[in-house]
Amino acid sequence: MTSAAEAELAGLYINAKEAIYIRLILQQLGHPQPATPIQTDNSTAEGVINSKVQPKRTKAMDMRFHWLRDRETLKQFRIYWRPGRMNYADYWTKHHPAAHHRNIRPEILSSPSVITELNQRKKEVSARVC
């Protein structure tokens, strides 16, 4: 298994462990939770978790990927692969051509009209409080 896949598995494990607490709190408040979707851009990591890939050397990663496999089997998480170009988290960490930046900009950035409206609402709320 490549170090990139191991790093991705470690990230998935850390995020899933944090999400467990949030899921438990919501369930105890009476909000049943469907499987929490977790997206990865590393197809090897996704394959290991979903049993599509059987890595040869996994001694250091056994606990993490078995824990993730178990949680997915229990329907607590749904871990799926999505290519980096469609993965919004990758926008900040990968090099993309200028055309990709132009295409993704409306989905990442707020338009000036939205920002103006939010500032106006903020002023109205602060005027009511004072």
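One is the number of the first residue; the rest follow in order along the sequence. Computed from a predicted model, the values in this text were never measured in an experiment.
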Who clusters with Tyr80? Use side-chain heavy atoms, under 4.5 angstrom, across I, L, V, M, F, W and Y, and order the result by chain and number.
none

Answer yes or no: is there a side-chain heavy-atom contact under 4.5 Å between Asp41 and Glu8?
yes

Specify the closest pair of heavy atoms between Phe77 and Ile38, including all atoms of both residues, with the distance to one decimal.
CD2-CD1, 3.4 Å

Closest heavy-atom pair, Ala16 versus Leu68, reported as atoms and distance to 0.1 Å, is CB-CD2, 3.8 Å

Can you sort out the partners of Leu26 under side-chain contact (heavy atoms from CB on, under 4.5 Å), two or more places apart, ordered by chain and number?
Ile22, His31, Gln33

Begin from the C-alpha positions of Arg71 and Ile79 and carry the test side chain to side chain contact (heavy atoms under 4.5 Å, CB included) through to its verdict.
CA-CA 10 Å; Arg71 297 300 170 144; Ile79 299 169; over 6 Å; no

So how far is it from Thr40 OG1 to Leu9 CG, rounded to the nearest 0.5 Å?
8.0 Å

Among all residues two or more places apart in sequence or in another chain, which pass the side-chain contact (heavy atoms from CB on, under 4.5 Å) test with Arg121?
Glu117

Glu18: side-chain contact (heavy atoms from CB on, under 4.5 Å) partners, not counting sequence neighbours
none

Nearest-0.5 Å distance, OG1 of residue Thr44 to CD of residue Glu6
11.0 Å

Distance, nearest 0.5 Å, that separates CZ of Arg102 from NE2 of His96
14.0 Å

Suppose we screen for side-chain contact (heavy atoms from CB on, under 4.5 Å). Which residues come up paired with Pro34, at least two apart in sequence or across chains?
none

Can you find a pair of side-chain heavy atoms, one from Lys17 and one from Trp67, that are under 4.5 Å apart?
yes

What are the two closest non-hydrogen atoms of Ile49 and Arg69, and how far apart are they?
O-CG, 3.0 Å

Run through the side-chain heavy atoms of Ile, Leu, Val, Met, Phe, Trp and Tyr, join any pair under 4.5 Å, and report what else lands in Leu74's cluster.
none

Under 3.5 Å, is there a donor-acceptor pair between the Arg78 and Thr36 side chains?
no

